[in-house]
Chemist: 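Right, I'll just put the structure down here and ask away after.
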There are 2 protein chains.
Amino acid sequence: MGTAMNKATAAVKGERVAVICGVPFDIDNCPVRDVMDNIGGKWNSLMILSLADGPLRFSQLRRLIPDISQRMLTQTLRDLQRDGYLNRTVYPTQPPSVEYSLTDLGHSFLPVLKVFVDWSLENHDAIRKARTAFDAPA
Amino acid sequence: MGTAMNKATAAVKGERVAVICGVPFDIDNCPVRDVMDNIGGKWNSLMILSLADGPLRFSQLRRLIPDISQRMLTQTLRDLQRDGYLNRTVYPTQPPSVEYSLTDLGHSFLPVLKVFVDWSLENHDAIRKARTAFDAPA
DNA sequence: CTGCATCCCCGCCGATACTG
DNA sequence: CAGTATCGGCGGGGATGCAG
């Protein structure tokens, strides 16, 4: 869900806005899309949920989410920190330990995520059924 | 956010589950991830919102969301139909017209989306500020 | 322990052209 | 009007190895 755009179209169009449900959507700088980019990644929402109950260190997160690679763990954490969801605190021990915790912004997002999680759990079966029905040979 | 996995790792691992916030997350078949895949695409959520007020035809959607290509419009609509969010009704006129509308599942998702949209609008500035602060040269 | 660098595959998405 | 087909770029994300 990138906001990327080549220069040609960028030069032609100017601030196209779609008004949907009374909400103006700036196609080129859409808040919804922007947030979706942040938490739509493979591990991002899981990461925020993991820190809901308190700070965790890198290796703790690694153990909590068994299937993530170091690479993606590092990258996901950096992305979320960059967008203000996470704090990163380095303790100069030997060897060093790094603790991650939710910011106020991160905490404020938890209820949103909860609504999403609840709906997903409740409707996942229906979705899977719809999918297999659709894929069934006509 | 694909649930894809090569056979080697699939054979090795068996039903790893991470318990986060009291909710068990089946890493390999995670409802949250599955739903996120559905509506995390570039146009998907916008499409659902567009149909919130009532059914629309293909060309109407095209006009409503000016920057989408035919290809992505078709594909997005098919994906959402496949997962049960949308109905697709063909009227055998000349030339044919096709109408898209939300299913019950699609309607039930609107409140979830609204929570998400509201939060995004409210916190977009904070996120952008966090981002530029993070990107600022140390 | 925490992280970065590299290689590489694959799927999203755009642009363009063509069909009933 | 409502699609389908094809090509191609770009980025997400996994595997592996190295570093402080």
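So that the names make sense, note that chain A is the first sequence line, chain B the second, and so on, each numbered from 1. Bear in mind that the values here come from a model prediction, so they are computed numbers and not experimental data.
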Chemist: Measure from the side chain of A:Pro95, starting at C-beta and using heavy atoms only, and say which of C:dC13, D:dC1, C:dC1 lies closest.
Modeler: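 Of the options given, the side chain of A:Pro95 lies nearest C:dC1.
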
Chemist: A quick test of your reading: do over 12 heavy atoms of other residues, nucleotides or ligands sit less than 6.0 Å from CG of A:Asp104?
Modeler: no

Chemist: Tell me: CD of B:Glu99 to P of D:dG3, nearest whole Å?
Modeler: 12 Å

Chemist: Is the backbone of B:Gly84 close enough, under 3.5 Å, to the side chain of B:Thr103 for a donor and an acceptor to pair up by distance?
Modeler: yes

Chemist: CD1 of A:Ile68 versus C1' of D:dA15: gap in Å, rounded?
Modeler: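 From A:Ile68 CD1 to D:dA15 C1': 14 Å.
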
Chemist: What I want to check is whether the side chains of A:Arg71 and A:Ser69 have a donor and an acceptor closer together than 3.5 Å.
Modeler: no

Chemist: Return the nearest nucleotide to the side chain of B:Ser69; candidates are D:dC1, C:dC1, C:dG14.
Modeler: C:dG14

Chemist: Using atom names, set out every protein N or O paired with an N or O of nucleotides 3-6 of chain C below 3.5 Å, distance rounded to 0.1 Å.
Modeler:
unit_1: C:dG3; atom_1: OP1; unit_2: A:Arg88; atom_2: NE; d: 2.9
unit_1: C:dG3; atom_1: OP1; unit_2: A:Arg88; atom_2: NH2; d: 2.1
unit_1: C:dG3; atom_1: OP1; unit_2: A:Tyr100; atom_2: OH; d: 3.3
unit_1: C:dG3; atom_1: OP2; unit_2: A:Tyr100; atom_2: OH; d: 2.8

Chemist: Please give, in whole Å, the distance from D:dA15 P to A:Arg62 CZ?
Modeler: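 Distance, rounded to whole Å: 11 Å.
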
Chemist: Rounded to whole Å, how long is the line connecting atom CG of B:Asp79 with atom P of C:dG11?
Modeler: 14 Å

Chemist: What is the separation between atom CG on B:Asp37 and atom P on D:dG12, rounded to the nearest whole Å?
Modeler: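 One finds 15 Å between P of D:dG12 and CG of B:Asp37, rounded.
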
Chemist: In this structure, are over 12 heavy atoms from other groups packed under 6.0 Å from A:Gln60 atom CD?
Modeler: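 Yes, enclosed.
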
Chemist: Please list, chain by chain and in numerical order, all residues satisfying side chain to side chain donor-acceptor pair (under 3.5 Å) with A:Glu99, sequence neighbours excluded.
Modeler: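 Side chain to side chain donor-acceptor pair (under 3.5 Å) check on A:Glu99 returns A:Tyr91.
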
Chemist: Rounded to whole angstrom units, what separation is found between the CG atom of B:Leu61 and the C1' atom of D:dC1?
Modeler: 13 Å

Chemist: For A:Pro96 and B:Ser59, take the nucleotide of DNA chain D holding the closest heavy atom to each; which residue's nucleotide lies nearer the 5' end?
Modeler: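 Nearer the 5' end of the strand: B:Ser59.
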
Chemist: Counting only heavy atoms not in B:Arg128, do more than 12 sit closer than 6.0 Å to its CZ atom?
Modeler: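 Not buried by this count: 12 neighbours or fewer within 6.0 Å.
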
Chemist: Have a look at A:Leu80 and tell me which of A:Tyr100, A:Trp43, A:Tyr85 forms a side chain to side chain contact (heavy atoms under 4.5 Å, CB included) with it.
Modeler: A:Tyr85

Chemist: Consider the side chain of A:Met72, meaning its heavy atoms from C-beta on, and name the nucleotide among D:dG13, C:dC13, D:dA2 that approaches it most closely.
Modeler: D:dG13

Chemist: Please report the distance, rounded to the nearest Å, between CD in B:Gln60 and P in D:dA2.
Modeler: 8 Å

Chemist: Roughly how many Å is it from CH2 in B:Trp43 to P in C:dC13, rounded to a whole number?
Modeler: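 Computing the B:Trp43:CH2 to C:dC13:P distance gives 9 Å.
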
